[in-house]
Amino acid sequence: MHVRPHPAGALRHFSQRLDALRDEVAAQLAGPPGDAERRAEATLALCRLMFGHFLGGGAAPVEQPGSLPREAIARAQELFDSYAWSLRASDAADAITPDALGAFFERSLERKQSGAYYTQADVADYIARATIVPWVLEEAARLRPQTFGAGGAVWRLLSARPERYIHPDMRHGADLPLPPEIAAGLSNPAARAAWDAPAAASHGLTAETWREALARHARCRETRALLAGGGAGDPSALITHNLDMLQLALDAIAACADAADLRVLWGSVSGLRLLDPTCGAGAFLVAAARVLAPLYRACLERMADFADDPLLASVAPAEQRGWAMRAALRENLHGVDLMPAAAEVCRMRLALEAAAAGGDALECLADLRANIRAGDALLGPVGEGDEAGAAEAIDWRAAFGPAMRRGGFDVVIGNPPYLGVPHAKRAYEALGYRTAACGNLYALVVERSLALLRDGGRLGMIVPVASVSTDAMRPLQELYAPYEQWHSHYAVRPARLFDGVDMNLTITLLRKTPGACYVGGYRRWTGGPRGDRRHLFTTLGYTRNPRLAAHANPYPKLGAPIEAAILERMLSFGVRLRDYVTSEGVTLYYHSGGRYWRKALPARLSSHYRPLTVAAEVAPVVFGLLNSQLFYWYWITNSNCMDLVAREVLELPVFPLERADAARFAELQAELLAAYEGGRSVRVRRGARIRATEVNYDLRRARPAIDRIDALLADCYGLDAEQLDFIRSYDLKHRARLLRDAAR
């Protein structure tokens, strides 16, 4: 591949120029009417040209080249020639790599109509590892339990060298002595003034505070002790404790004591059948290939230590890398997309992955025609006796017979469309979808994925956080309920997982067998070169969901055991705020917007304030509750983290409010309102059609009063000093920078 000098940030500049060229070409095309059709045609034609350019500029795409004018082709080639290109990111810094092909295609979609977004590599890689590796080890344990089952040799690797399987990011600084001013707070929550400052680089990761670093250090030591004591002895534990599971699988292959063990692992890898039912440009399938190919290669290398094997004899050592990648693409991976163009781009993207490993891209492209198909994953027969359906439906048994004859796919992963379908609810209900009432395509795709997944199989999807935090998604939550599952949650501020997606997201991992439920906290991070996104998945943690029957939300976002303990304590009184709602009394108005703080006032400032009328004698206590950091934590833990809706207010677990010191709460209410008024400002917002007056508050002035409210509430709930310290500091690193704007 030719490489030319290029400026820093070449990919960003290339993307901008390519998008502009696409729009210019679309405007020149004859063909179908409508901007969307011409844009789609221009996008696909440019993708085909990019594919050819990756192969050296002279290779003709196998599929139809489209109808680009010669001038447009010349301009595209001129653009391509002005940048460095590489099939492998490691070959040249800032080169245009095959990832740019998929990103361009999905960036060019009409997102409001498709609900599709390009998945960045770290997200797809995490989901691929956390589904493929556990399934491979489970299948090996089923076939040869003496080696791969509980107590077997593979799990003794964890206890023998626990450090090897704990991510370096998790271990960073965990065993170093602490500065005295930091160590002082370990036994005394009142001595933690320095904990919210940035941690020293020796102890903390990028952008970590001391508080965050210490929590990570504690988790690292707990995990290390667990592994050393043999406490993680099954594949699901690899997810729960966020271990380097791919490294463990590679070590298990290298440690095979005999050929029989190795054949079992080889069969588990080569027999895996994986599906992305809405594959788009193939981001998840690429990630899956990058997990599977090293497993194939490790098996081939280990075979050399045993008796001659016919397979080994047919694959020369120099060819093993390319052979392993092609085997993963040909044997393991399957995809479906509603758009024929997406299926074609997906095949190109996977073929380039084969080329990067030294294989023949055009041969691979031909192989992939049977595995990557165009069609509607929500339609078509799955089980025996199902009707064939519409023309665009997938006949799953005919298209993917080997997988379906075994009861379904072993692994299903992906990023389904986030698209409301309120007018199609009845149509999907008629097709038997339990999640039709959810009114969104992603719920339907998850339901179909579970139907396509064999018993014991693994599912991994990234979906909106509403999937596990709103009543509208209760049918989907009921589908999840019987199975072993993990849910981790990702904020949209200050940085986001997907460009252009202004919604909070959840990664759901599920094993289609009964088991425990684990949840994570609501994770924020900063973007850019100096941000901490690179640590996002290596420092991930899960907490066992206590599954509290009395709680309104079956899937609270709990990032640590202390949060589960706080929630259980709040619920222990058996009282809800709705028990104090009356038709006559004192009306308070809670702000339904705002992402970083919760606020309620005695007056309604705008239509974003919702009324709540309570008995006069408890009104100051309710005011304190709705303005507290405790309520902010409860709201984040149980909501979609964007809107404050009635459920989170009315179902708030409270202590018997009539027993509280109403006079003291009234004093704190007056203090807080005075602080609000002292930091009050008014801003006029002018839009294209509306003009609105917006009242903002400087919450830095209010925080001392809110801290006192939280201390009083902690006494009422019976929270200890550690729990109060947690509540007061919750999410403070990111909130502190935005206190003034948070009240909007």
Side-chain angles (χ1 to χ4, degrees), residues 469-472 550-553 556 566-567 570-571 573-677 680 692 694-697 699 702 705-706 708-710 712-714 716-717 727 742-744:
S469 61
T470 64
D471 286 342
H551 189 38
N553 177 20
I566 293 171
L567 183 57
M570 293 176 70
L571 287 162
F573 297 94
V575 185
R576 302 291 189 278
L577 185 53
R578 59 175 157 78
D579 297 331
Y580 295 91
V581 174
T582 64
S583 57
E584 296 182 0
V586 173
T587 299
L588 300 171
Y589 298 90
Y590 61 88
H591 191 203
S592 62
R595 299 183 192 239
Y596 288 91
W597 216 270
R598 297 268 48 95
K599 180 173 79 282
L601 298 170
R604 188 175 193 175
L605 298 186
S606 74
S607 60
H608 296 292
Y609 285 77
R610 306 285 189 260
L612 180 74
T613 302
V614 297
E617 59 270 22
V618 299
V621 186
V622 175
F623 176 89
L625 280 164
L626 297 182
N627 284 277
S628 68
Q629 293 173 112
L630 177 67
F631 183 55
Y632 172 79
W633 166 81
Y634 177 84
W635 170 69
I636 287 289
T637 300
N638 294 287
S639 72
N640 66 1
C641 306
M642 292 185 70
D643 311 299
L644 176 57
V645 299
R647 186 188 76 170
E648 275 69 72
V649 175
L650 298 177
E651 297 300 321
L652 174 67
V654 297
F655 48 87
L657 301 186
E658 63 277 7
R659 299 180 191 172
D661 185 348
R664 178 58 182 147
F665 274 104
E667 292 173 2
L668 290 173
Q669 175 176 337
E671 181 182 342
L672 181 56
L673 288 174
Y676 281 162
E677 191 61 28
R680 188 175 188 268
E694 181 179 83
V695 178
N696 297 319
Y697 295 100
L699 288 168
I706 294 173
R708 284 188 276 276
I709 288 173
D710 278 296
L712 188 55
L713 288 172
C716 294
Y717 277 109
I727 290 298
R744 293 176 184 172

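On a predicted model such as this, the values are computed, not experimentally measured, just so you know.
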For this session: Measure across Tyr590 and Pro611 and return the closest heavy-atom pair with its distance rounded to 0.1 Å.
Result: CE2-O, 4.1 Å

Exercise. For the residue pair Leu626 and Ala600, what are the closest heavy atoms and their distance?
Worked result: CB-CB, 3.7 Å

For this session: Quick one: closest heavy-atom pair of Phe573 and Pro656, and the distance?
Result: CD2-CD, 3.7 Å

Exercise. What do the steps show when you test Thr470 against Val645 for side chain to side chain contact (heavy atoms under 4.5 Å, CB included), and what is the final call?
Worked result: CA-CA 10 Å; Thr470 64; Val645 299; over 6 Å; no

For this session: For the pair Phe631 and Tyr634, name the ring-plane relationship: parallel under 30°, tilted 30 to 60°, perpendicular over 60°.
Result: parallel

For this session: Please state whether the rings of Phe665 and Phe655 are parallel, tilted or perpendicular, taking 30° and 60° as the class boundaries.
Result: parallel

Exercise. Is it the case that more than 12 heavy atoms not belonging to His608 sit under 6.0 Å from its NE2 atom?
Worked result: no

Exercise. Should the pair Tyr676 and Tyr697 be assigned to parallel (<30°), tilted (30 to 60°) or perpendicular (>60°) ring geometry?
Worked result: tilted

Seminar exercise, completed: All heavy atoms of Ala660 vs all of Val621, minimum pair found to be CB-CG2, 4.1 Å

Exercise. Going through the distances and angles, do Glu677 and Leu672 end up as a side chain to side chain contact (heavy atoms under 4.5 Å, CB included)?
Worked result: CA-CA 9 Å; Glu677 191 61 28; Leu672 181 56; over 6 Å; no

For this session: Report the C-alpha separation of Leu650 and Leu612 in whole Å, then their side-chain angles, then the decisive distance to 0.1 Å, and conclude whether the side chain to side chain contact (heavy atoms under 4.5 Å, CB included) test is met.
Result: CA-CA 9 Å; Leu650 298 177; Leu612 180 74; 3.8 Å; yes

Exercise. Below 4.5 Å, heavy atoms only, C-beta onward: do Leu571 and Arg576 meet side chain to side chain?
Worked result: yes

Exercise. So, for Asp643 and Asn640, which heavy atoms are closest and what is the spacing to 0.1 Å?
Worked result: N-OD1, 3.0 Å

Problem set entry | For the student: nearest non-hydrogen atoms of Tyr717 and Val654, plus distance | OH-CA, 3.4 Å

For this session: Please determine which of Asp710, Ile727, Asn638 meets the side chain to side chain contact (heavy atoms under 4.5 Å, CB included) test together with Trp633.
Result: Ile727

For this session: Please examine the side chains of Val586 and Val618, heavy atoms only from C-beta on, and report whether any two atoms are closer than 4.5 Å.
Result: no

Problem set entry | Sole residue of Lys599, Arg598, His591 in side chain to side chain contact (heavy atoms under 4.5 Å, CB included) with Asn627 | Lys599

For this session: Could you verify whether a donor N or O on one side chain and an acceptor N or O on the other, from Ser639 and Ser469, lie under 3.5 Å apart?
Result: no

For this session: Determine, stepwise, if the pair Glu667 / Arg708 fulfils side chain to side chain contact (heavy atoms under 4.5 Å, CB included).
Result: CA-CA 11 Å; Glu667 292 173 2; Arg708 284 188 276 276; over 6 Å; no

